[in-house]
Amino acid sequence: MGKLLIVGTVAFDAIETPFGKTDRILGGAATFIGLAASQFDVDSAIVSVVGDDMPKAYLDVLSNKGIDLSGLEIVKGGKTFFWKGKYHNDLNSRDTLVTELNTLADFNPIVPGNFKDADVVMLGNLHPNIQMSVIDQMAERPKLIVLDTMNFWMDHTLEELTAVIKRIDVLTINDEEARQLTNEYSLVRAAAEIQKMGPKYVVIKKGEHGALLFHKEHVFFAPALPLEEVFDPTGAGDTFAGGFAGYLTATDNISFNNMKRAVIHGSNLASFCVERFGTERIQHLNNGEVGKRLHQFKALTQFDIEIQ
């Protein structure tokens, strides 16, 4: 069984969309990544930090999926990272109303000894120095290092971000961030520029319009499945990343062709995530409905054509 190390936030989210709103519910990049990766036969662990205000029931959601929480620091008297946001009617844009770093402000990640030899490391959206610290703690170079980031770090810590990007294999960002990072409007050119920075592979997420995978001159596109109901996009990108990393860990195959499959599996799981608030939908998935939707993805993209 392959080992997957997940680094990111375990947090409280308060979300408002046109379809309703929540109080403080379980969220955070590492949470969504871990739950998505648990759909595959992997040995996974989360490195993160929370305060002692995090309910045990929320942590049990993760541990009950077989996720190792020995790298999750619980700060006595501390408060857990909190984010509050409101989505616009199109669900593609949102306003951040509250961000409280709390225990995350002084987070010093400690990789558990039994995961310093992880096959795959999934670095969720965090300060680049935290991501770099985790890479430095690995006993040997993992087979694959995947990094997710966002425009905030490009705005405020570009030098540190550039340094950590040099040391990874796969960068996952959205189309707006790819353009900002490279100053290239064309996503093909942006992906080429990012590969020059270090990563062999680039995944550019386009939300409801799918995802692009780039490697050298090769390009693969995976659509997003058209859905009848979309309640909450929060965590969809992290769920995608968890499915992507989880599948690659489980199959122990990091070829471009297998990464295509990983992108589909990530997109498939992300399509479930948006159907309910927070982690509610992704917590209760079963293999039957995951497999059924994979067939829908296949039908969506498969066709016969005669080429002269």
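Note that these values count all heavy atoms, side chains included, but never hydrogens, waters or copies made by symmetry.
- Considering only heavy atoms from C-beta on, Leu171 comes within 4.5 Å of Ile173 through its side chain.
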Result block: side-chain N/O donor-acceptor pairs under 3.5 angstrom for residues 3-14, not counting sequence neighbours:
unit_1, atom_1, unit_2, atom_2, d
Lys3, NZ, Asn114, O, 2.5
Lys3, NZ, Asp117, OD1, 3.1
Thr9, OG1, Ala29, N, 2.9

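- Under the 3.5 Å distance criterion, the side-chain polar atoms of Gln137 are matched with a main-chain donor or acceptor of Pro109.
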Output a table of donor-acceptor pairs, distance under 3.5 Å, between side-chain atoms of residues 125-132 and any protein atom two or more places apart or on a different chain; print 'none' if there are none.
unit_1, atom_1, unit_2, atom_2, d
Asn125, OD1, Trp153, NE1, 2.7
His127, ND1, Asn129, N, 3.0
Gln131, NE2, Gly124, O, 2.9
Gln131, NE2, Asp148, O, 3.2

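- Contact of the Tyr247 side chain with the Leu269 side chain is not registered, since no non-hydrogen atoms from C-beta on lie closer than 4.5 Å.
- The ring-ring contact (aromatic ring centres under 6.0 Å, His included) contacts involving residues 196-233 comprise Phe19-Phe231, Tyr201-His215, His215-Phe256, His218-Phe256, where partners must be two or more places apart or lie in separate chains.
- Without hydrogens or angle criteria, Asn258 side chain to Asn253 main chain gives a donor-acceptor distance under 3.5 Å.
- The salt bridge (charged side-chain N to carboxylate O under 4.0 Å, His left out) analysis of residues 244-263, with sequence neighbours excluded, yields the pairs Lys143-Asp252.
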Under 3.5 Å, side-chain donor or acceptor atoms of residues 74-84 against the rest of the protein: list the pairs with distances, not counting sequence neighbours.
unit_1, atom_1, unit_2, atom_2, d
Thr80, OG1, Gly51, N, 2.9
Thr80, OG1, Asp53, OD1, 2.7
Trp83, NE1, Thr96, OG1, 3.2

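- Each side-chain hydrogen bond (donor to acceptor under 3.5 Å, both in side chains) pair with one or both residues in residues 32-41, not counting sequence neighbours, would appear here, but there are none.
- Considering only residues two or more places apart in sequence or on other chains, Arg276 meets the salt bridge (charged side-chain N to carboxylate O under 4.0 Å, His left out) condition with none of them.
- Cluster partners of Ile305, by chain and number: Phe303, Ile307. The rule joins Ile, Leu, Val, Met, Phe, Trp and Tyr whenever side-chain heavy atoms lie under 4.5 Å apart.
- Contacts classified as salt bridge (charged side-chain N to carboxylate O under 4.0 Å, His left out) and involving residues 57-68 (residues at least two apart or in different chains) are given here: Lys56-Asp60.
- Annotation: Asn286, atom CG; neighbour count of heavy atoms from other residues, nucleotides and ligands within 6.0 Å is above 12.
- For Asp232 and Arg281, the salt-bridge test fails: no basic side-chain N is under 4.0 Å from an acidic carboxylate O.
- Within a 6.0 Å radius of CG in Asn89, other residues, nucleotides and ligands contribute 12 heavy atoms or fewer.
- Taking 4.5 Å as the limit, some side-chain heavy atom of Pro112 sits within range of a side-chain heavy atom of Val47.
- Inter-residue side-chain proximity for Leu212 and Lys206 is flagged as met; some heavy-atom pair is nearer than 4.5 Å.
- Within a 6.0 Å radius of CG in Asp106, other residues, nucleotides and ligands contribute 12 heavy atoms or fewer.
- At distances below 3.5 Å, at least one donor-acceptor pair connects side-chain atoms of Gln195 with backbone N or O atoms of Lys216.
- Atom CZ of Arg189 has 12 or fewer neighbouring heavy atoms from other residues, nucleotides or ligands inside a 6.0 Å radius.
- The pair Lys196-Glu193 counts as a salt bridge, with a side-chain nitrogen and a carboxylate oxygen less than 4.0 angstrom apart.
- Proximity of Ser48 to Leu72: side-chain heavy atoms (C-beta onward) are separated by under 4.5 Å at one or more points.
- Take Glu176 and apply the salt bridge (charged side-chain N to carboxylate O under 4.0 Å, His left out) test, not counting sequence neighbours, and it matches no residue.
- Arg167 has its side chain out of reach of Ile145: every pair of non-hydrogen atoms, C-beta onward, lies at least 4.5 Å apart.
- At distances below 3.5 Å, at least one donor-acceptor pair connects side-chain atoms of Thr22 with backbone N or O atoms of Ile15.
- Partners of His88 under the side-chain hydrogen bond (donor to acceptor under 3.5 Å, both in side chains) rule, at least two apart in sequence or in another chain, are Ser93, Asp95.
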Distance-only donor-acceptor pairs under 3.5 Å for side chains of residues 293-300, two or more places apart:
unit_1, atom_1, unit_2, atom_2, d
Arg293, NH1, Ser271, O, 3.3
Arg293, NH1, Ser271, OG, 3.1
Arg293, NH1, Glu275, OE2, 3.2
Arg293, NH2, Glu275, OE2, 2.9

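- By the 4.5 Å heavy-atom criterion applied to side chains, Thr182 and Ile194 are counted as neighbours.
- In this structure, Thr31 and Val61 have side chains that are not in contact, with every pair of non-hydrogen atoms separated by 4.5 Å or more.
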